[in-house]
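See structure below.
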Amino acid sequence: MRILVAVAEVAVVDGEFDIEGQTVPDRFLRHECNEWDQYALAEAVRIANEVADVEVVTVTIGPERAEETIDRALAAGADRAIRIWDDALAAKDLLDPATKADLIARVAREEGPDLVLAGAQSAGEGFGATGVTLAERLGFEWAAAVDDLDLNADAGVAHVRRELEDGVRELTDVRLPAVLTVQTGITELPTGVPDTGEARDGDRAVLNLDDLGLRVAVDGHFEQQSLTVPEAERETTLFEGAPAETAAELAAVLCEAGVDR
Amino acid sequence: MTVLAVAEHRRGELRDVSFELITAGRELAREIGGDLRVAVVNGPVEDYARTLSREAVDVVHTVDHGAEFNHDVYVQAVAELTEAVDPTVLLLPHTADGMDYAPAVASRLGRPLLTDAVDLAFDDRLAVTRERYGATAEATIEVNADRAAVTLRPTEWPPAEYRGDARIEPFAVDVDEAAVQSNVNGYEEVRGDVDLEGAGVVVAVGRGVGAEEDLDPIFELADALDAVVGAARPVIDAGWLGPERQVGTAGTTVDPEVYLALGISGAPRHVAGVKGAETVVAVNEDPAAPIFDVADYGVVGDLFEVVPALLAQFR
Ligand SMILES: Cc1cc2nc3c(=O)[nH]c(=O)nc-3n(C[C@H](O)[C@H](O)[C@H](O)COP(=O)(O)OP(=O)(O)OC[C@H]3O[C@@H](n4cnc5c(N)ncnc54)[C@H](O)[C@@H]3O)c2cc1C
């Protein structure tokens, strides 16, 4: 059995930042493996450890920098990694889920997985749509926001629990092959995975749009008009200084707001 | 020109987001200069349709098939109805179920899809405002197409309240049962004996707390403030606290007098569960953390210094 896992590297902002033109410049960004995808990979590796003959293959759309994330994925137990990159993609600041799904679908058709795992969303853009779009493109079944998975490969079915709102979970059976988008917490993340794993060169491939036989109009429908810092919903009073001082100020505020001292 | 909004319901009740979609749809229909239609699929659709007949809704389309959400049915029903009605904009909820069918509908119809919108505008083209870079920045994105689909973030629009006189039109979908390859067997609920909903003061911890052992001072502080301890999701995922303590869309919605957020970034799914709090106080070492945008008071600093100092104030 083969499990394909979509593993993205995301850019997150830490600390103060500026917006220049319509982007947050690289110097304010930290790149890391998308948290939801880390769980998707950990779940795939868990299955591989429990079921015989499972190959875990990751697919990443990203520039060379994303090899760091791929190092981690290989160190965490993936058997092979495929990275998709191209100048046409590099020219884009924002890739829409449909484009990503088209690219991954090409790899999936080649690889013929029984199961595809992807994160429920990415920490950077939070579209939350790539996995289900991919399923539709492939003609696979799917389930979104899965927080528990019991795979019965022989019966060709995935018993999943989907996380809905307000503490409610849905129990659903999904026919294989399927794409499942994974919620954080679905399994335990491995500890002690080195930041940069042993480079296992033989296990990686890099494909461009030509290799994929794609001449897609990359992300043709979205045109970003502006990028701004969102307006604060509440007016915030910030306390600065030594902890003892700020704590005294906070305590006063808490008492005024109804906490008994 | 038409706006079509798809309602959501669960276990016999229309969800709030349905009425929020109507408000957003009404504003959009006005800008587009068209009518507003609402669709409801599965369940007691006639009853739902009457409730969904709010001010400015012209038509409610009902698809009577099955009791509860099943994405294979939704995809067929919503895609067919969308083809028949041909709305300029299709509005869907950005909920767990919305995430489970909206991308498939958009893909099937070849419509561009923008998700998790917090604002909409229409001037010749649809412009959607949504967050980027993990909610730290907000982008307005114009859709370069005549037809689009958008999912809306819950709680961003006020729910439509006033009754209207919409026409109720059943829409027959010949559901292809062979294409229904997923089967919902039931529901489970996370319940515990932690009364977050009734709490007057909530002390909530996020990933910033770092380790299970470091929760002790948090519980001491909660004790001193007569507060209930809540948590952001990573704390639950790591198993440091039970799921009954999760605050947010997937967890519990709280409305305390005081919400004290310690080491929580302020991700939208968390913040959505805190909107009813009277006073929000945040301690975070990152001055750009989005939590400060929804807080009344904040300290930029290390919670492991602030918490003991605060505890000393209440002893
Ligand atoms: C479908 C769906 C549903 C979800 N539902 C929920 C939900 O119900 N509830 C929920 O919480 N999340 C939910 N999430 C997850 C949500 O998107 C975020 O991932 C989560 O809320 C982040 O939690 P956090 O703020 O603790 O972690 P982070 O975003 O990692 O933030 C940690 C913060 O702690 C600060 N920090 C670190 N160390 C310290 C220190 N020593 N002192 C002070 N500050 C420090 C950092 O600056 C940072 O801002 C959901 C996601 C999805 C996709």
Side-chain angles (χ1 to χ4, degrees), chain A residues 12-17 19 24 97 123-129 132-133 136-137 141 144-145 162-165 167-175 184-185 221-230 232-234 236-240 243-244 246-248 250-251 253-254 257-261, chain B residues 95-96 99-100 103-104 107-108 112-113 115-116 127 131-134 136-145 181-190 201 225-226 233 236-237 249-252 257-258 279 281 286-288 292-301 305-306 309-310 313-314:
Chain A
V12 291
V13 177
D14 268 340
E16 310 246 29
F17 65 98
I19 291 171
V24 174
E125 308 303 343
F127 277 115
V132 174
T133 307
E136 206 280 335
R137 297 285 215 252
E141 253 305 313
R162 292 182 54 229
E163 186 198 67
L164 309 179
E165 289 79 14
V168 178
R169 307 284 186 273
E170 180 198 279
L171 303 171
T172 301
D173 289 344
V174 178
R175 282 251 132 244
T184 56
H221 290 301
F222 296 171
E223 209 168 299
Q224 187 168 297
Q225 303 289 324
S226 68
L227 187 74
T228 53
V229 174
E233 279 177 34
R234 300 194 185 199
T236 316
T237 307
L238 280 186
F239 299 124
E240 281 165 278
T246 55
L250 269 191
V253 161
L254 293 176
V259 175
D260 295 328
R261 206 189 290 232
Chain B
T95 54
M99 288 171 81
D100 200 40
S107 175
R108 184 171 291 194
L113 170 73
T115 57
D116 206 13
E131 285 166 347
R132 292 196 62 187
Y133 301 107
T136 51
E138 207 167 78
T140 297
I141 295 168
E142 199 178 78
V143 183
N144 250 327
Q181 294 284 324
S182 70
N183 187 13
V184 180
N185 298 317
Y187 299 94
E188 252 178 33
E189 257 170 275
V190 178
V201 182
L225 302 181
D226 201 15
R233 178 174 202 119
I236 315 293
D237 288 344
T249 45
T252 302
E257 276 147 48
V258 179
T279 304
V281 181
D286 179 357
F292 288 123
D293 292 340
V294 297
D296 302 281
Y297 299 94
V299 171
V300 179
E305 293 177 5
V306 178
L310 195 55
Q313 294 283 328
F314 284 89

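Side-chain atoms are counted along with the backbone in the values below, which use heavy atoms only and exclude waters and symmetry mates.
Not one N or O on the side chain of B:Asp286 forms a donor-acceptor pair closer than 3.5 Å with the backbone of A:Asp14. B:Thr140 contributes no side-chain N or O that, together with a main-chain N or O of A:Gln225, makes up a donor-acceptor pair within less than 3.5 Å. Between the B:Thr249 side chain and the A:Glu165 main chain, no donor and acceptor come within less than 3.5 Å of each other.
Both the backbone and the side chain of A:Val168 come within contact range of chain B, judged by heavy atoms closer than 4.5 Å. Heavy-atom distances place both the backbone and the side chain of B:Asp296 under 4.5 Å from chain A. For A:Glu141, the part lying under 4.5 angstrom from a heavy atom of chain B is the side chain only. Contact of A:Ala123 with chain B is made through the backbone alone, with heavy-atom distances under 4.5 Å. Of the two parts of A:Asp173, the backbone and the side chain both hold a non-hydrogen atom closer than 4.5 Å to a non-hydrogen atom of chain B. Looking at B:Val281, the atoms closer than 4.5 Å to chain A (heavy atoms on both sides) all sit in the side chain, from C-beta outward.
Put simply, CZ on A:Arg234 and CG on B:Asp293 are 12.0 Å apart, with the number rounded to the nearest 0.5 Å. For the atom pair CG of B:Asn144 and CD of A:Glu223, the computed distance is 5.0 Å after rounding to the nearest 0.5 Å.
For the set B:Thr136, B:Val306, B:Thr95, the count of heavy-atom pairs under 4.5 angstrom toward chain A peaks at B:Thr136. Residue with the most contacts toward chain A among B:Val143, B:Val190, B:Asn183: B:Asn183 (heavy-atom pairs, distance under 4.5 Å). When each of B:Glu188, B:Glu189, B:Glu257, B:Arg108 is scored by its heavy-atom pairs under 4.5 Å with chain A, the top score falls to B:Glu188. If you tally non-hydrogen atom pairs under 4.5 Å between each of B:Val201, B:Ile236, B:Asp116, B:Leu113 and chain A, the highest count goes to B:Leu113. By number of non-hydrogen pairs under 4.5 angstrom with chain A, the leading residue of B:Ala250, B:Ala288, B:Ala139 is B:Ala250. Ranked by heavy-atom pairs shorter than 4.5 Å toward chain A, the options B:Gly301, B:Gly134, B:Ala104 are led by B:Ala104. Considering only heavy-atom pairs separated by less than 4.5 Å from chain B, the leading option among A:Asp260, A:Val174, A:Ile19, A:Thr228 is A:Thr228.
The shortest non-hydrogen separation linking B:Val258 to A:Val259 is CG2-CG2, 4.0 Å. Here the shortest heavy-atom pairing between A:Phe127 and B:Thr115 reads O-OG1, 2.7 Å.
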